[in-house]
Amino acid sequence: MLQIAKELLGKILVTRFDGQLTSGRIVEVEAYNGVIDKAAHSFGGRRTNRNEVMYADGGVAYVYLCYGIHHLFNVVTHSKDTPHAILIRALEPVKGIDEMLYRVRKLKLDNSLTRGPGNLSKALGIFTKHNGLSLRSKDLYIGDDGFEYAKKEIAASPRIGVDYAGDDALLPYRFYVKGNPYVSGKIK
DNA sequence: GAGTAGATCCTCT
DNA sequence: GAGGATCTACTCA
């Protein structure tokens, strides 16, 4: 599971909504470990309408609205009935930067465009209606251009914003590219 | 520059 | 009816 999280770093996340193609290279992820992770929605086998998608086969998107403001984009990674997911926290913009800037009402590119899960979802045009969408569809997919980060460029740390999860909040399930300006800097 | 409070709404109890 | 996988802005030093 953690292996998959690391492999996602360096991949290209592509969306094509409203005829606008936008994409970015994944530079920060967090792993959520199914039923034994207090920080995961699926902890203890909880299964509701909201997180039903986590129990699907891997390769679909799990999109969820948090704090009424932020859309969080996850990749379901495991097989049916095993609710593992990887939260995409940050991207480095690749294509469609003008379109992304328009979506977040910015005039010029800066590091905050795709830093943090709320911002990156907004920049890519991802909303809750994309929940459950396959990542092999033509409008939303993860590409691989052969690029990968060296092991020494990848660092691990505790996850962000999951203080309520007790001991599990300290697990080093967050992976990011060292020195990349799009990685969110807040470490609690 | 650092720390804190407020925003804001869907989902589950 | 309460709280959450967050971000931003504003205050204070």
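Quick caveat: nothing in here was measured; it's all calculated off a predicted structure.
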Centres of the A:His130 and A:Phe73 rings: under 6.0 Å? no
Check whether the ring centres of A:Phe147 and A:Tyr149 lie less than 6.0 Å apart, and answer yes or no. yes
With the side chain of [X] defined as its heavy atoms from C-beta on, choose the nearest nucleotide among [options].
X: A:Asn119; options: C:dT8, B:dC9, C:dT6; value: C:dT8
X: A:Tyr67; options: C:dC7, C:dG4, C:dA5; value: C:dG4
X: A:Leu87; options: B:dC12, C:dC7, C:dA5; value: C:dA5
X: A:Leu65; options: B:dC9, B:dT13, C:dC7; value: B:dC9
X: A:Arg46; options: B:dA7, B:dT13, C:dA5; value: B:dT13

Is A:Tyr32 stacked on the base of C:dA5, meaning ring centres closer than 5.5 Å and planes within 30 degrees of each other? yes
Quick one: [X] [atom1] to [N] [atom2], roughly how many Å, whole number?
X: A:Phe73; N: C:dT6; atom1: CZ; atom2: P; value: 17 Å
X: A:Glu52; N: B:dC12; atom1: CD; atom2: P; value: 11 Å
X: A:Arg89; N: C:dT6; atom1: CZ; atom2: P; value: 6 Å
X: A:Leu120; N: C:dC7; atom1: CG; atom2: P; value: 9 Å
X: A:Arg50; N: C:dG3; atom1: CZ; atom2: P; value: 15 Å
X: A:Asn51; N: B:dC10; atom1: CG; atom2: C1'; value: 14 Å
X: A:Arg174; N: C:dT6; atom1: CZ; atom2: P; value: 11 Å
X: A:Arg115; N: C:dT6; atom1: CZ; atom2: P; value: 15 Å

Is there a side-chain polar atom (N or O) of A:His41 under 4.0 Å from OP1 or OP2 of C:dA5? yes
About how many Å separate CG of A:Leu140 and CG of A:Leu133, when rounded to the nearest 0.5 Å? 5.5 Å
Out of curiosity, A:Arg16 CZ to A:Leu124 CG, how far, rounded to the nearest 0.5 Å? 13.5 Å
Residues forming a side-chain contact (heavy atoms from CB on, under 4.5 Å) with A:Val60, sequence neighbours excluded: A:Val53, A:Ala56, A:Val76
Taking both distances under 3.5 Å as the test for a Watson-Crick or G-U pair, what stems of at least three pairs does DNA chain C have? B:1-7 with C:6-12, B:9-12 with C:1-4
Quick check: on DNA chain B, is the nucleotide nearest A:His70 upstream (toward 5') of the one nearest A:Arg47, or the reverse? Name the residue that is more 5'. A:His70
NA contact type, A:Tyr62, heavy-atom cut-off 4.0 Å: base, sugar-phosphate, or nothing? base
Looking just at side-chain N and O atoms, do A:Tyr32 and A:His41 make a donor-acceptor pair shorter than 3.5 Å? no
Pairs flagged by salt bridge (charged side-chain N to carboxylate O under 4.0 Å, His left out) wherever residues 90-101 of chain A is involved - sequence neighbours left out: A:Glu99-A:Arg103
